Amino acid sequence: ADNAALSDRVRQRYERMFQGTFYQRFVLGQWVAAEGLVYDFIDPAELPPVPDGPFAQWRISCDYGTRNPASFGLWGQKNGVWYRIREFYYDARAEGRQMTDGEYVQALTRLAGGRDIERVLVDPSAASFIETLRRRGWRVEKADNDVLAGIRTTAELLRRGRLVICQGCADALREFTLYCWDEKAGGDRVKKVHDHAMDDIRYFAASVAA
């Protein structure tokens, strides 16, 4: 508001872009510590059901893990909005067995359910999984892994209703209620726990905003 060079439209866009700590710092001008829930505006009681009717496009976002959990999200686009309608989540430690790249591709295929998947967005560090997907004929794109920029983008798209998490995505919802800033770390950092669905959603948000 102190920058006279910004139009009302631009100021409103910036207000939509930020949430939580980012909003307090960059919109309200308050130098506050990064703490608490990252997506503190998500209300579990307000998640909508999957909308009826056909979807125009389909994509899948993936956070790959061997010993750490893996999280895949199926996204459908309808009337300019991307809906997360289904997901796959596998925690090797909890299950007592690691899955192979081939088994993960099979899980992704089941998640796709015969839909025409435009592209699969994957954690860029998952080189072997990316190669396996490509050999099986999937159109793969390495995701943007800028964490803080990705969180800002995800928050903006969620608040504007361009991304919608639907009922039934229990693991994403669970992580939304647990994903926190690390108040003991220097600078703005998130705790590296409960972040696997959060990462795959962040990868997807970055691809939508690109």
Side-chain angles (χ1 to χ4, degrees), residues 38-39 50 55-77 82-151 153-154 157-158 163-179 182 189-210:
V38 173
Y39 301 107
V50 176
F55 288 81
Q57 299 178 69
W58 296 98
R59 297 180 189 174
I60 292 177
S61 55
C62 303
D63 185 52
Y64 173 85
T66 49
R67 295 187 63 194
N68 289 324
S71 178
F72 305 164
L74 173 65
W75 301 85
Q77 193 250 42
W82 284 97
Y83 296 89
R84 184 184 181 93
I85 69 165
R86 291 179 58 200
E87 62 186 11
F88 164 81
Y89 196 97
Y90 186 81
D91 185 341
R93 288 192 177 97
E95 299 293 337
R97 188 182 77 85
Q98 294 182 18
M99 290 179 68
T100 66
D101 287 344
E103 288 174 319
Y104 276 131
V105 173
Q106 290 174 1
L108 186 145
T109 302
R110 291 192 295 272
L111 181 65
R115 300 171 179 87
D116 182 16
I117 305 299
E118 179 188 65
R119 63 180 116 160
V120 180
L121 299 140
V122 183
D123 176 354
S125 67
S128 63
F129 182 52
I130 289 172
E131 181 61 24
T132 303
L133 282 168
R134 285 176 171 161
R135 289 183 179 182
R136 303 283 179 89
W138 293 94
R139 295 182 289 272
V140 182
E141 179 179 313
K142 292 182 180 180
D144 182 344
N145 198 20
D146 186 325
V147 176
L148 291 181
I151 288 173
T153 298
T154 302
L157 296 179
L158 286 168
L163 291 189
V164 175
I165 311 300
C166 293
Q167 295 173 8
C169 294
D171 287 296
L173 177 58
R174 175 179 54 79
E175 288 195 1
F176 272 123
T177 66
L178 297 170
Y179 192 46
D182 188 347
R189 296 184 184 179
V190 287
K191 293 183 178 180
K192 286 297 297 172
V193 291
H194 313 300
D195 61 350
H196 307 286
M198 298 298 92
D199 284 353
D200 97 61
I201 292 171
R202 175 168 54 81
Y203 298 154
F204 183 75
S207 78
V208 170

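In this text, all values refer to a predicted model and were calculated from it rather than measured experimentally. Numbers here are sequence positions counted from 1. All values below come from the heavy atoms of this structure, side chains included, with hydrogens, waters and symmetry mates left out.
Taken to the nearest 0.5 Å, the SG atom of C166 stands 12.5 Å off from the CZ atom of R86. Put simply, CD1 on I60 and CG on L74 are 5.5 Å apart, with the number rounded to the nearest 0.5 Å. The structure places CZ of R189 at 8.0 Å from CG of D182, a figure rounded to the nearest 0.5 Å. The distance from atom CG of L178 to atom NE2 of H194, rounded to the nearest 0.5 Å, is 4.5 Å.
In this structure, the side chain of E141 does not engage the main chain of L121 through any donor-acceptor pair within 3.5 Å. Looking only at distances, no side-chain donor or acceptor of Q57 sits under 3.5 Å from a matching main-chain atom of G76.
A pairwise comparison of heavy atoms in A70 and G65 identifies CB-N, 3.7 Å as the closest pair. Taking both residues in full, the closest heavy atoms of A172 and A197 are given as CA-CB, 3.8 Å, listed atom of the first, atom of the second, then distance. A pairwise comparison of heavy atoms in K191 and Y179 identifies O-CE1, 4.1 Å as the closest pair. Closest heavy-atom contact between H196 and N68: CE1-CB, 3.9 Å. Pairing each heavy atom of A205 with each of T153, the nearest pair is O-CG2, 3.7 Å. Minimum heavy-atom separation, D146 to D144: N-OD1, 3.0 Å.
F55 pairs by the ring-ring contact (aromatic ring centres under 6.0 Å, His included) definition with W58, not counting sequence neighbours. Judged as a salt bridge (Lys or Arg N to Asp or Glu O under 4.0 Å), and not counting sequence neighbours, the contacts of D195 are K192. In terms of the side-chain hydrogen bond (donor to acceptor under 3.5 Å, both in side chains) criterion, residue partners of R135 (sequence neighbours excluded) are, by chain and number, E131. Under the side-chain hydrogen bond (donor to acceptor under 3.5 Å, both in side chains) criterion, R59 pairs with E118, not counting sequence neighbours. With sequence neighbours excluded, no residue forms a side-chain hydrogen bond (donor to acceptor under 3.5 Å, both in side chains) with T177. Not counting sequence neighbours, the partners of R202 by the salt bridge (Lys or Arg N to Asp or Glu O under 4.0 Å) test are D199. For D171, the salt bridge (Lys or Arg N to Asp or Glu O under 4.0 Å) partners at least two apart in sequence or on another chain are R174. By the salt bridge (Lys or Arg N to Asp or Glu O under 4.0 Å) test, R134 is found to be paired with no residue, residues two or more places apart in sequence or in another chain being considered. Every residue two or more places apart in sequence or in another chain that forms a ring-ring contact (aromatic ring centres under 6.0 Å, His included) with F88 is listed here: F72. Listed by chain and residue number, D101 satisfy the side-chain hydrogen bond (donor to acceptor under 3.5 Å, both in side chains) test with Y64 (two or more places apart in sequence, or in another chain).
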Side chain to side chain donor-acceptor pair (under 3.5 Å) between Y89 and E175, worked out: CA-CA 11 Å; Y89 196 97; E175 288 195 1; 2.7 Å; yes

Criterion side chain to side chain contact (heavy atoms under 4.5 Å, CB included) on L173 and I165, from CA distance to verdict: CA-CA 8 Å; L173 177 58; I165 311 300; 5.9 Å; no

Worked verdict on W138 versus I130 for side chain to side chain contact (heavy atoms under 4.5 Å, CB included): CA-CA 9 Å; W138 293 94; I130 289 172; over 6 Å; no

Which atom pairs, donor and acceptor, lie under 3.5 Å between side-chain atoms of residues 109-116 and protein residues at least two apart or in another chain?
unit_1: T109; atom_1: OG1; unit_2: V105; atom_2: O; d: 2.8
unit_1: R115; atom_1: NH1; unit_2: A112; atom_2: O; d: 2.9
unit_1: D116; atom_1: OD1; unit_2: R139; atom_2: NH2; d: 3.2

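When side chains are defined from C-beta on, Y104 does not count as touching L108, because their heavy atoms never get closer than 4.5 Å. A 4.5 Å side-chain heavy-atom check between M198 and Y39 finds at least one atom pair inside the cut-off. Side chains of L158 and F176 form a contact here, defined as non-hydrogen atoms less than 4.5 Å apart.
When each of F204, Y203, Y83 is checked for a ring-ring contact (aromatic ring centres under 6.0 Å, His included) with W75, only F204 meets the rule.
Counting only residues at least two apart or in different chains, salt bridge (Lys or Arg N to Asp or Glu O under 4.0 Å) contacts with residues 87-96 comprise R84-E87.
Using modelled atom types, one finds a donor on one side chain and an acceptor on the other under 3.5 Å when comparing S71 with D200.
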